[in-house]
Amino acid sequence: MNTIINTQLNHRSYRSYTSKKVEPVKLDAVIKASQAAPSWINGQQVSIVAVFDDQRKKRLSELVGNQAYVAEAPVFLIFCADFYRAQLAGEVHGKTLEAINDVDALLVGATDVGLAMSNAITAAESLDLGTVPIGGIRKNPLEVIELLELPKHVIPIAGLCVGYPSEDPGLKPRLPKEAIYHEESYQTNVAALIESYDQSMSAYMHKRTNGAQSTSWTERVSSFYEKPYYTSIAQMLEKQGFTCKNIKE
């Protein structure tokens, strides 16, 4: 092992932060590491909006589902899939960018964001900072777009709290490698592995909440996907100029 892999294996999500500000040099390193991530065709289809202002963070904490740690973290980063710059590139060369209206553009943008955020998380943790990704940025996306003044062809994908942790939640157990790693073809006989993992997650939750919860992995995941969680995605895409014209072709 090396220090990079050790940092990744020690990852955990922090939901409580001290009031200590993130030093500009550290935040700059996190952003540069994020920008160094690979991207489709080197299109670099990612933009990051950093929010420091307490009132704006408070508003964002409400928009993402009343998650207080968004307001508490010294800085909140919003990672956006960004095709605005691609549009400008098209204007330079007199081109109409039809592919932006292809549903694959959303996969490209979301993938680029995921890669960039992963780099940011590892970089932050290597600098003794804590993070937690916030998917709830898509809960009220129209309001987020307005607050951040995002131009057409830019959509918020995920947020990231960054700061100095005030407590350690412990290392959350992961699914066994055998449940997620397949050679040559997908193996579906993972029920026993999931059952065993449920027991590990229940024990972790029981310990973490001092006995208040013992939620298993299957219980949490099935409850989440039981009904639509984010209901304004279609409106967000329409507002920002994504037609996804071939999604039903």
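As a basis for the values below, the full set of heavy atoms in this structure was taken, side chains included, without hydrogen atoms, waters or symmetry mates.
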Novice: Verify, without hydrogens or angle tests, whether T131 (side chain) and V162 (backbone) share a donor-acceptor contact under 3.5 angstrom.
Specialist: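 Not a single qualifying donor-acceptor pair exists.
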Novice: So, using ring-ring contact (aromatic ring centres under 6.0 Å, His included) as the criterion, who are the partners of Y186 when residues are at least two apart?
Specialist: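 Only H182 meet the ring-ring contact (aromatic ring centres under 6.0 Å, His included) criterion with Y186.
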Novice: Give the minimum heavy-atom separation between P156 and R138, together with the two atoms involved.
Specialist: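 Reported closest heavy-atom pair: O-CG, 3.7 Å.
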Novice: Quick one: closest heavy-atom pair of S34 and F79, and the distance?
Specialist: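 Looking at all heavy atoms of both residues, the closest pair is OG-CE2, 3.4 Å.
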Novice: Considering residues, nucleotides and ligands other than E195, do more than 12 of their heavy atoms fall under 6.0 Å from its CD?
Specialist: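 No, CD of E195 has 12 or fewer neighbouring heavy atoms, counting only those of other groups under 6.0 Å.
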Novice: Between atom OG1 of T243 and atom CD1 of I100, what is the distance when rounded to the nearest 0.5 Å?
Specialist: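 Result: 10.0 Å between the selected atoms.
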Novice: Walk me through whether L115 and W40 qualify under side chain to side chain contact (heavy atoms under 4.5 Å, CB included).
Specialist: CA-CA 11 Å; L115 291 167; W40 181 253; over 6 Å; no
Novice: Would L88 and I41 show up in the same hydrophobic cluster when neighbours are defined by side-chain heavy atoms closer than 4.5 Å?
Specialist: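 Yes, it is one cluster - the side chains of L88 and I41 are joined through contacts under 4.5 Å.
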Novice: Decide whether L97 and V92 are clustered together by the hydrophobic rule: side chain heavy atoms of Ile, Leu, Val, Met, Phe, Trp, Tyr closer than 4.5 Å, transitively.
Specialist: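 Result: no, two separate clusters.
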Novice: Is any side-chain heavy atom of V103 closer than 4.5 Å to a side-chain heavy atom of F242?
Specialist: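 Of all side-chain heavy-atom pairs linking F242 with V103, none is under 4.5 Å.
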Novice: Within a reach of under 6.0 Å around CD of Q35, are more than 12 heavy atoms found that belong to other residues, nucleotides or ligands?
Specialist: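 Not buried by this count: 12 neighbours or fewer within 6.0 Å.
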Novice: Is any side-chain heavy atom of M1 less than 4.5 Å from a side-chain heavy atom of L9?
Specialist: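 They are in side-chain contact.
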Novice: Nearest 0.5 Å, please: how far is CG in L106 from CZ in F83?
Specialist: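 Between atom CZ of F83 and atom CG of L106 there are 7.5 Å.
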Novice: Considering all heavy atoms of both residues, which atom of Y230 and which atom of K139 are nearest to each other, and what is their separation?
Specialist: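 Of all heavy-atom pairs spanning Y230 and K139, the closest is CD2-CA, 3.5 Å.
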Novice: Does Y84 reach the main-chain N or O of L150 with its side chain, forming a donor-acceptor pair under 3.5 Å?
Specialist: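 Not confirmed, Y84 side chain does not pair with L150 backbone.
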Novice: Mind checking the CD1-CG spacing from I48 to L160? Nearest 0.5 Å is all I need.
Specialist: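 Answer for the CD1-CG pair, I48 versus L160, is 9.0 Å.
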Novice: Under 4.5 Å between any side-chain heavy atoms of L147 and E143, yes or no?
Specialist: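 Of all side-chain heavy-atom pairs linking E143 with L147, none is under 4.5 Å.
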Novice: Taking only residues two or more places apart in sequence or in another chain, which ones pass side chain to side chain contact (heavy atoms under 4.5 Å, CB included) with S118?
Specialist: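 So S118 forms no side chain to side chain contact (heavy atoms under 4.5 Å, CB included) with any residue.
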Novice: Does V51 reach the side chain of L148, with side-chain heavy atoms less than 4.5 Å apart?
Specialist: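 Side chain of V51 against side chain of L148, heavy atoms only: contact under 4.5 Å found.
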Novice: Within the distance-only criterion (no hydrogens, no angle test), does the side chain of K57 pair as donor or acceptor with the backbone N or O of A73 below 3.5 angstrom?
Specialist: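 Between the backbone of A73 and the side chain of K57 there is a qualifying donor-acceptor contact (under 3.5 Å).
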Novice: Can you check whether T122's main-chain N or O pairs, donor with acceptor, with H11's side chain at less than 3.5 Å?
Specialist: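 The answer is no, because no donor-acceptor pair under 3.5 Å joins these two groups.
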Novice: Has R208 got a side-chain atom pairing as donor or acceptor with K172's backbone, closer than 3.5 angstrom?
Specialist: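 Not a single qualifying donor-acceptor pair exists.
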Novice: Can you confirm whether T7 sits close enough to I4 that some side-chain heavy atom of one is under 4.5 Å from a side-chain heavy atom of the other?
Specialist: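 They are not in side-chain contact.
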Novice: Return the set of residues passing side chain to side chain contact (heavy atoms under 4.5 Å, CB included) with E72 (not counting sequence neighbours), or none when no residue passes.
Specialist: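 Partners of E72 by the side chain to side chain contact (heavy atoms under 4.5 Å, CB included) criterion, ordered by chain and then number, come out as S16, Y17.
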Novice: Applying the 4.5 Å side-chain criterion to the ILVMFWY set and letting contacts propagate, would V25 and Y164 be lumped into a single cluster?
Specialist: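 No; Y164 is not reachable from V25 via cluster members.
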Novice: Output all residues satisfying ring-ring contact (aromatic ring centres under 6.0 Å, His included) with Y229, sequence neighbours left out; order by chain, then residue number.
Specialist: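 F224.
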Novice: Is there a donor-acceptor pair under 3.5 Å between the side chain of S39 and the backbone N or O of Q44?
Specialist: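 Answer holds: yes.
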Novice: Take atom CD of E238 as the centre, draw a 6.0 Å sphere, and report whether it contains more than 12 heavy atoms from other residues, nucleotides or ligands.
Specialist: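 Not buried by this count: 12 neighbours or fewer within 6.0 Å.
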Novice: With a 3.5 Å distance limit and no angle check, can you tell me whether Q240 reaches the backbone of P151 through a side-chain donor-acceptor pair?
Specialist: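 At least one qualifying donor-acceptor pair exists.
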Novice: Tell me whether D102 contacts the main-chain N or O of A105 through its side chain, where contact means a donor paired with an acceptor under 3.5 Å.
Specialist: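 Between the backbone of A105 and the side chain of D102 there is no qualifying donor-acceptor contact (under 3.5 Å).
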Novice: Do V70 and V132 make a side-chain contact, defined as non-hydrogen atoms from C-beta onward lying under 4.5 Å apart?
Specialist: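 Sidechains of V132 and V70: no contact.
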Novice: Hey, any chance V49 and V22 share a hydrophobic cluster, counting ILVMFWY side chains that come within less than 4.5 Å of each other, even indirectly?
Specialist: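 Same cluster.
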Novice: Measuring from atom NZ of K207 to atom OG1 of T209, what distance do you get when rounded to the nearest 0.5 angstrom?
Specialist: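 Reported value, rounded in 0.5 Å steps: 12.0 Å.
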Novice: Determine whether E125 and N10 make a side-chain contact, defined as any pair of heavy atoms from C-beta on separated by less than 4.5 Å.
Specialist: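 Not touching, per the 4.5 Å side-chain cut-off.
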Novice: Kindly indicate whether the side chain of L175, heavy atoms from C-beta on, has any atom under 4.5 Å from the side chain of W217.
Specialist: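 Yes. Closest side-chain heavy atoms under 4.5 Å.
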Novice: Which residues pass the side-chain hydrogen bond (donor to acceptor under 3.5 Å, both in side chains) test with D112, sequence neighbours left out?
Specialist: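 Here the qualifying residues are Q45.
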Novice: What pairs with L142 under side chain to side chain contact (heavy atoms under 4.5 Å, CB included), at least two apart in sequence or on another chain?
Specialist: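 Side chain to side chain contact (heavy atoms under 4.5 Å, CB included) check on L142 returns Q235, M236, K239.
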Novice: In terms of hydrophobic clustering (I, L, V, M, F, W, Y; side-chain heavy atoms under 4.5 Å; direct or indirect links), are Y69 and F52 co-clustered?
Specialist: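 Yes: a chain of side-chain contacts under 4.5 Å links Y69 to F52.
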Novice: Supply the atom-to-atom distance Q8 CD to T3 OG1, rounded to the nearest 0.5 angstrom.
Specialist: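 So the CD of Q8 and the OG1 of T3 are separated by 10.0 Å.
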Novice: Can you tell me if S202 uses its side chain to pair, donor with acceptor, with the backbone of D198 under 3.5 Å?
Specialist: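 Such a contact is found between S202 side chain and D198 backbone.
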Novice: Rounded to the nearest 0.5 Å, what separates atom CG in L129 from atom NZ in K26?
Specialist: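 Going from CG on L129 over to NZ on K26, the span is 5.5 Å.
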Novice: Report yes or no: does S232 contribute a side-chain atom to a donor-acceptor pair with the main-chain N or O of N140 at less than 3.5 Å?
Specialist: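 Not confirmed, S232 side chain does not pair with N140 backbone.
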